[in-house]
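Every number for a ligand or one of its atoms is a count from 1 in the order of the listing.
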Amino acid sequence: MYHNVGQPRPGEYPGLTTPTAKFTAQIRFMAKMGYTGITPREWLRWRDEAATLPERPVMLVFDDAYADASRNAFPLLEQLGWGAACMVVTGYIGATNRWDEIDNLPSQQLMSADEIRAWAKRGIEFGGHTCHHVDLRNASDEIAEQEIARCKADLTALLASEPASFAYPYGGVSAAACAAAQKHFKLAFTTWPGLLHLGVAPHLTPRIGFMPGETRIGIRIHLRWGKNPYVSLHDRCIALLDITRRKVATLSERFQ
Ligand SMILES: [Zn+2]
């Protein structure tokens with residue numbers, strides 16, 4: 001999973017923008033290891049119709065459809081002959097990331113309808129990401145259904161073909177969202193780490209979030225095991241330290 005590819009902006013969520021040079025290095029490294037980028041439809045054809053896949057397939061998924069990804073990432077993938085997926089917030093095509101702007105995060109340009117149509121013919125497969133980038137965990141069942149159904153209808157009208165895949169904004173899955181995703185799409189991506197294999201529930205597909213600073217060893221570990229045990233251990237230690245710090249602060253307040 002990637003989001004922006006280009007120049008990181010001050011004040012944005014850390015790790016969401018992968019500088020172009022780092023992205024290029026990560027992709028070239030994966031290509032050197034023998035990986036080939038595939039699309040969700042290629043995976044589905046392999047799963048359902050026994051179509052062939054490259055020996056080492058990797059599915060890159062770009063969330064939110066930022067214009068910088070189409071400028072800085074897609075041409076390299078096209079050059080390598082890699083397919084990839086890009087998840088569109090259909091209510092804001094050609095506009096900016098309004099869902100972040102209300103939290104005072106920097107504005108970022110989203111792809112236009114023309115860019116989406118053009119890249120759909122050049123190896124990028126577009127999928128849904130709701131109409132308004134709604135956190136479906138906080139939405140009513142009706143809104144979840146509406147956001148997902150309308151998003152599919154918008155993309156079908158734009159591309160003149162039904163999209164196959166969907167990504168839950170913020171990785172937020174609820175029972176209603178999962179049911180709606182199952183009704184309208186063949187595959188839905190979470191943000192839970194892991195590898196895609198036949199045992200995975202298609203509407204709870206895991207994804208590895210590649211950070212800009214991902215090392216070659218990190219990439220190898222992620223692609224082999226779906227998560228990096230060192231990163232998990234590091235995160236757990238940080239959480240434990242945080243709990244200890246808060247407990248000490250509470251105790252010292254009590255004894256003052
Ligand atoms: Zn998103």
Side-chain angles (χ1 to χ4, degrees), residues 1-9 11-18 23 39-40 59-74 84-113 115-116 119-120 124-139 143-155 158-159 163-174 176-178 180-181 184-185 187-194 196 203-212 214:
M1 173 177 62
Y2 286 102
H3 287 82
N4 296 88
V5 178
Q7 183 66 36
R9 284 150 216 249
E12 69 178 18
Y13 280 123
L16 280 197
T17 300
T18 307
F23 176 82
T39 63
M59 194 192 294
L60 305 180
V61 183
F62 295 82
D63 274 7
D64 304 337
Y66 289 110
D68 63 3
S70 76
R71 262 196 321 269
N72 303 324
F74 294 175
C86 181
M87 316 316 279
V88 183
V89 182
T90 57
Y92 300 139
I93 291 171
T96 50
N97 52 336
R98 304 223 171 108
W99 63 92
D100 282 335
E101 289 166 349
I102 53 167
D103 290 329
N104 292 321
L105 290 161
S107 284
Q108 319 247 24
Q109 183 62 47
L110 299 169
M111 287 178 212
S112 67
E115 280 173 304
I116 292 172
W119 278 107
I124 304 296
E125 187 180 311
F126 289 89
H129 200 40
T130 71
C131 291
H132 302 102
H133 207 278
V134 172
D135 188 337
L136 298 165
R137 288 166 295 195
N138 305 329
I143 295 289
E145 162 65 23
Q146 257 174 40
E147 280 282 331
I148 294 175
R150 173 84 195 281
C151 166
K152 181 186 178 182
D154 289 346
L155 277 177
L158 179 70
L159 299 168
S165 59
F166 174 80
Y168 302 95
Y170 311 101
V173 185
S174 66
C178 191
H184 299 290
F185 292 93
L187 201 64
F189 298 104
T190 66
T191 51
W192 309 333
L196 182 52
H203 295 85
L204 295 174
T205 298
R207 286 189 296 174
I208 303 163
F210 265 8
M211 299 304 278
E214 200 62 81

Within a strict 4.5 Å, meaning less than it, do heavy atoms of the Met87 and Phe189 side chains meet?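 Yes, close enough: below the 4.5 Å cut-off.
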Is the Zn ion (ligand 1) under 2.8 Å from any N, O or S atom of Asp63?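 So Asp63 does not bind the Zn ion (ligand 1) by this criterion.
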Does any N, O or S atom of His133, backbone or side chain, fall under 2.8 Å from the Zn ion (ligand 1)?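 So His133 counts as coordinating the Zn ion (ligand 1), yes.
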Are any side-chain N or O atoms of Arg207 and backbone N or O atoms of Thr191, one a donor and one an acceptor, separated by less than 3.5 Å?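 Not confirmed, Arg207 side chain does not pair with Thr191 backbone.
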List the atom of Ala120, the atom of Phe126, and the distance in Å for their closest heavy-atom pair.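 In this case the closest contact between Ala120 and Phe126 is N-CE1, 3.5 Å.
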Taking atom CZ of Arg150 as the centre, does the number of heavy atoms from other residues, nucleotides or ligands within less than 6.0 Å exceed 12?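 No, not enclosed.
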Shortest-distance N, O or S atom of Asp64 relative to the Zn ion (ligand 1):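 Considering only N, O and S atoms, Asp64 comes nearest to the Zn ion (ligand 1) through OD1.
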